[in-house]
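The sequence lines fix the lettering, A, B, ..., with proteins before strands; numbering per chain opens at 1.
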Amino acid sequence: MLMIRSAKALRSARPRFTKTAGTLRTSLFHNSERGFSSSDRNLSYKERLRNGIVGIKKDDAVALFQTMIESRPRPTVIDFNRLFTALARTKQYDLVLDLCKQMELQGIAHNIYTLSIVINCFCRSRKLGFAFSAMGKILKLGYEPDTVTFSTLINGLCLVGTVSQAVELVDRMVEMKVIPNIITLNTIVNGLCLQGKVSEAMALIDRMMDNGCQPDGVTYGPILNRLCKSGNTALAMDLLRKMEHRKIKLDVVTYSMVIDSLCKDESLEDSLSLFNEMETKGIKGNVITYNSLIGGFCNAGRWDDGAQLLRDMIERKITPNVVTFNTLIDSFVKEGRLSEAQELYNEMITRDIEPNTITYSSLIYGLCMENRLDEANQMLDLMVSKRCDPDIVTYNILIKGCCKAKLVDEGMRLFRKMSMRGLVADTVTYSTLIQGFCQSGKLNEAKELFQEMVSIGVQPSVVTYGILLDGLCDNGELEMALDILEKMHKCKIDPGICIYSIIIHGMCNASKVDDAWDLFCSLPLKGVKPDVKTYTVMISGLCKKGSLPEASMLLRKMEEDGIAPNDCTYNTLIRAHLRGSDICTSVELIEEMKGCGFSADASTMKMVMDMLVDGGLDKSFLDMLS
DNA sequence: GTTTCACTGG
């Protein structure tokens with residue numbers, strides 16, 4: 001793999017940097033993210049503020065505040081502002097507002113900084129009215145609102161989605177001779193992006209640049225994110241180049257967004273070259289960059305390269321996390337490589353990475369695919385014992401596994417177990433079980449379950465209806481299927497082409513090919529466009545009725561309508577013509593099918609073999625098929 | 001000395 005080779009070459013070109021365990025530990029203890037110990041509480045508030053209050057927890061903050069209030073001489077408002085800022089950074093806005101009020105009641109007055117913090121907290125809590133009141137208080141107290149005060153309020157307006165008012169406020173601040181700065185601009189750009197107004201955001205930046213304001217990485221972040229999330233990867237790439245051209249420093253986050261977007265677009269080669277470009281500039285990929293790449297490789301069917309990337313990141317001291325392993329495990333499982341997925345799970349445990357619900361659900365899915373239901377159930381017990389709660393997806397996977405193994409009663413047992421654990425069955429749960437009952441020929445149970453979901457207010461989806469109608473048709477209850485179709489019309493549920501295909505199929509199976517044909521012909525009037533499945537089902541019905549010329553004509557019509565036949569369409573027609581001993585047309589159809597890149601399926605091959613044995617076909621026919 | 005803005009993975 002080219003990329004990995006080049007990554008290795010890069011690595012050897014850079015100086016190695018190894019942190020010892022000792023320095024790591026020291027740096028950890030400098031960090032105030034840990035809680036306060038009892039000895040901390042004996043420190044003076046000044047020392048505590050100085051020791052660092054980053055990431056302070058609620059209880060510690062309240063205790064510290066209490067100490068400050070009781071201290072004599074009183075701390076200055078500046079010290080309180082420090083505490084409030086730290087708390088606001090942990091998003092505890094209500095607590096900040098509460099403590100601000102208490103401080104005031106203790107006779108310590110707000111200054112303009114405190115009021116800016118208060119405005120920010122109100123804005124972040126989407127309480128714009130109170131934020132503007134605080135602004136009024138600033139004016140009443142004779143303070144002059146500055147760029148920060150205005151920017152904070154502008155951000156508040158952007159957060160509630162009134163970006164036009166935010167822009168008006170910029171005009172107001174300019175009138176008041178307060179100069180907007182880069183943060184004011186970034187705030188407005190973000191506000192525009194929140195509203196999906198990417199073009200306006202870009203235009204604003206250009207206008208600002210004309211006025212001598214230089215954008216930074218923050219300016220473009222929301223735009224780039226928006227472009228990537230809306231699938232405009234090419235535009236995101238263009239913007240990345242524009243940023244480079246404008247000499248804006250790019251970081252790993254910026255690159256990762258575009259790399260992820262390229263991976264999602266299945267442009268793996270482009271994402272790899274961007275990754276290499278980033279690393280060549282000395283910007284090292286992080287776990288998120290690697291997770292995107294691993295996902296991209298797995299999606300492209302390059303599972304082993306994905307696993308190799310995991311090795312590569314470990315070697316480079318980029319620590320994989322639960323997402324890394326989940327991506328690989330899920331991908332290996334879906335490819336039927338369960339044992340490798342299980343090895344990855346074991347490696348997670350070895351590396352002290354805690355599996356989560358997604359990890360276990362993937363493994364349970366893998367076991368279900370192999371009909372290893374006992375082990376799947378054991379896995380469920382294992383995750384519960386490890387305090388990892390199964391969710392509705394986990395249960396849906398297991399229930400589907402039961403139904404697939406024709407153990408629908410076992411599926412019902414899980415359904416009840418799940419409900420007892422407080423999980424509410426959803427449309428997927430009910431649909432799966434209804435399908436299980438239908439496939440076991442237990443139509444009454446299927447109907448009852450359908451009734452139950454409707455009566456408790458779980459909305460059946462088109463998929464649910466499809467499953468039920470298919471089950472009814474397959475079990476000789478076409479009339480009831482038609483009744484339900486009627487009900488769907490009455491309830492204004494758009495059946496969609498899948499449902500019509502199922503009904504047409506049911507009609508053909510019930511030897512009502514003429515009814516099926518009428519329904520088929522009425523589809524355009526209903527505004528529904530037949531797809532390849534609808535055509536194939538109808539062709540199959542005509543063949544069954546013995547109307548081979550009509551069936552062949554329908555093949556031509558679907559091509560005219562721009563619907564490409566698939567292998568199933570061809571095989572259906574070929575078998576029908578073989579059955580009718582029309583060897584000539586069969587040969588023509590086979591040639592045509594081969595030209596489309598399809599081949600004879602198992603039942604066609606079986607029919608050919610049988611006919612060879614009976615002498616109904618020449619041996620040369622077989623050569624043509626291969 | 002204290003206040004404002006942003007972005008990445010399942």
* Structure fact -> B/S/- along nucleotides 3-8 of chain B (protein heavy atoms under 4.0 Å) is BBBBBB

* Base, sugar-phosphate, or nothing: which does D330(A) touch, judged by heavy atoms less than 4.0 Å apart? -> nothing

Please tabulate, one pair per line, all N/O donor-acceptor pairs under 3.5 Å involving side-chain atoms of residues 116-124 of chain A, not counting sequence neighbours.
| from | atom 1 | to | atom 2 | distance (Å) |
| --- | --- | --- | --- | --- |
| S116(A) | OG | I112(A) | O | 3.2 |

* Structure fact -> For E144(A), the side chain to side chain contact (heavy atoms under 4.5 Å, CB included) test, sequence neighbours excluded, returns none

* Pairs in or reaching into residues 132-142 of chain A: which pass side chain to side chain donor-acceptor pair (under 3.5 Å), with residues at least two apart or in two chains? -> E104(A)-K137(A)

* Output all residues satisfying side chain to side chain donor-acceptor pair (under 3.5 Å) with S230(A), sequence neighbours left out; order by chain, then residue number. => N232(A)

* To do: Not counting sequence neighbours, list each pair that qualifies as a side chain to side chain donor-acceptor pair (under 3.5 Å) and has a residue in residues 145-158 of chain A.
  => D146(A)-T149(A), S151(A)-T184(A)

* Any idea how F65(A) and F84(A) line up, ring-wise: parallel (<30°), tilted (30 to 60°), or perpendicular (>60°)? -> tilted

* Which ones in residues 391-399 of chain A lie close to DNA chain B, meaning a heavy atom under 4.0 Å from one of its atoms? -> none

* Taking side chain to side chain donor-acceptor pair (under 3.5 Å) as the test, write out the residues that go with D270(A), two or more places apart. => none

* State which residues pass side chain to side chain donor-acceptor pair (under 3.5 Å) with R226(A); sequence neighbours excluded, sorted by chain then number. => none

